[in-house]
Amino acid sequence: MKYEFGEIIDCRNSPTIKHFILILGETRRNEVMYYLITSRTYKVFRDLLDFFNDCIEKKNKRFFIYFGKEKNKSIIYPTGNLCDAFFLDKHFAYQGCLEKDSMIIINEDPKTEDKEVLTSWKSEGMASLRDKLNKQDSEKLILLIRRTENIRPRFKTEIGRNYNISKRC
């Protein structure tokens, strides 16, 4: 089974990942490169996090109605910088896939998973292909990846190779 650049896979039922993931392609070592997709998009906005942490500190009950995932936290830590965030708009293109507006953070090398493990999760129903990035988002993402200093050249080369293969198809 091939894993192509831009595929969105639902791995929420998998034993280790437990998120939607965005596939960046396969490495020559038979691994699949990916980034986690998170719906907690506020974690890249510093001023918003200061306000949220103030609400948590004061135990604002109304805040927890809207942000229940933060109920047992004493503080929300930032995920990364805003310049490293790539947003996926659920209303624009991913209604059938994502439940909320989401993002990936490109502040480190992509995570990798053995291709056979991911394939076995698919066959066992723990992972499923949900969607694929549209052309505009694919182009924006590859530009962000090429410009970032957070990814090692080896991974940039592999991602670029996979993007070029997916573009030809």
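Just so we're clear, the structure is a prediction, and the values are computed from it rather than from any experiment. Just so it is clear, the values below take in all heavy atoms, side chains as well, and ignore hydrogens, waters and symmetry mates.
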(message) For the CG atom of N107 and the CD1 atom of I104, what is their distance to the nearest 0.5 Å?
(response) 10.5 Å
(message) Can you tell me how far apart CG (L141) and CZ (F87) are? Round to the nearest 0.5 Å.
(response) 13.0 Å
(request) List the atom of K122, the atom of Y3, and the distance in Å for their closest heavy-atom pair. (result) NZ-CE2, 3.6 Å
(request) For residues K73 and I56, report the shortest heavy-atom separation together with the two atoms involved. (result) O-CG2, 3.3 Å
(message) Has T148 got a side-chain atom pairing as donor or acceptor with I145's backbone, closer than 3.5 angstrom?
(response) no
(message) Is there a path of hydrophobic side-chain contacts, each under 4.5 Å between heavy atoms, that joins L129 and V32?
(response) yes
(message) Please report the interatomic distance OG(S166) to CG(L24), rounded to the nearest 0.5 Å.
(response) 10.5 Å
(message) The test is side chain to side chain contact (heavy atoms under 4.5 Å, CB included); show your working for K100 and Y94 and say whether it passes.
(response) CA-CA 9 Å; K100 297 181 178 182; Y94 306 105; over 6 Å; no
(message) In this structure, would I37 and M126 fall into the same cluster of hydrophobic residues linked by side-chain contacts under 4.5 Å?
(response) no
(request) Return the minimal non-hydrogen interatomic distance between R46 and N81, and the atom names on each side. (result) NH2-OD1, 3.0 Å
(message) For E158 versus E26, what's the shortest heavy-atom pair and its separation?
(response) OE1-O, 3.6 Å
(message) Between K140 and L143, is there a side-chain heavy-atom distance shorter than 4.5 Å?
(response) no
Enumerate donor-acceptor pairs with a distance under 3.5 Å from any side-chain N or O in residues 57-68 to protein atoms, sequence neighbours excluded.
| unit_1 | atom_1 | unit_2 | atom_2 | d |
| --- | --- | --- | --- | --- |
| K58 | NZ | D54 | OD2 | 3.3 |
| N60 | OD1 | R62 | N | 3.0 |
| N60 | OD1 | F63 | N | 3.2 |

(message) Hydrophobic clusters here meaning ILVMFWY residues chained together by side-chain heavy-atom distances under 4.5 Å, can you tell me if I76 and L48 are in one?
(response) yes
(request) Report yes if some heavy atom in the side chain of R29 is under 4.5 Å from a heavy atom in the side chain of T112; otherwise report no. (result) no
(message) Would you say that F52 contacts E70 through its side chain, given a criterion of any heavy-atom pair below 4.5 Å between the two side chains?
(response) no
(request) Applying side chain to side chain contact (heavy atoms under 4.5 Å, CB included) between M103 and each of D84, L88, V44, report the one that passes. (result) V44
(request) Drop me the distance from K115's NZ to E31's CD, to the nearest 0.5 angstrom. (result) 12.0 Å
(request) Might you work through the side chain to side chain contact (heavy atoms under 4.5 Å, CB included) test for I142 and K167, ending with a clear yes or no? (result) CA-CA 11 Å; I142 198 67; K167 202 167 111 176; over 6 Å; no
(message) Apply side chain to side chain contact (heavy atoms under 4.5 Å, CB included) to residues T79 and R40 and explain how you reach the verdict.
(response) CA-CA 9 Å; T79 302; R40 296 163 92 184; over 6 Å; no
(message) Rounded at 0.5 Å granularity, tell me how far CZ in F20 sits from CD1 in I8.
(response) 8.5 Å
(request) Check the hydrophobic clustering (I, L, V, M, F, W, Y; side-chain heavy atoms under 4.5 Å; chains of links allowed) and say if Y34 and I105 are grouped together. (result) no
(request) Identify the heavy atoms of W121 and T16 that sit nearest to each other, and give their distance. (result) CH2-OG1, 3.1 Å
(message) Can a donor-acceptor pair be found, under 3.5 Å and without considering hydrogens, that links the side chain of D101 to the backbone of D89?
(response) no
(message) Counting only heavy atoms not in N30 (residues, nucleotides, ligands), do more than 12 fall under 6.0 Å from its CG?
(response) yes
(message) Using every non-hydrogen atom in the two residues, find where C11 and L118 come nearest and quote the distance to one decimal.
(response) SG-CD1, 4.1 Å
(request) Enter the distance from I106:CD1 to R147:CZ here, rounded to the nearest 0.5 Å. (result) 12.0 Å
(message) Please evaluate residues E108 and N150 with respect to the criterion side chain to side chain contact (heavy atoms under 4.5 Å, CB included), reporting the C-alpha separation (whole Å), side-chain torsions for both, the decisive distance (0.1 Å), and the verdict.
(response) CA-CA 5 Å; E108 62 185 357; N150 301 325; 5.8 Å; no
(message) Around atom CD of E116, are there more than 12 heavy atoms from other residues, nucleotides or ligands closer than 6.0 Å?
(response) no
(message) Tell me whether D10 contacts the main-chain N or O of S128 through its side chain, where contact means a donor paired with an acceptor under 3.5 Å.
(response) no
(request) Report the residue from L22, I159, N164, I165 that forms a side chain to side chain contact (heavy atoms under 4.5 Å, CB included) with F5. (result) I159
(request) Give a yes or no on whether V117 and L36 share a hydrophobic cluster (residues Ile, Leu, Val, Met, Phe, Trp, Tyr; joining criterion: side-chain heavy atoms under 4.5 Å apart). (result) yes
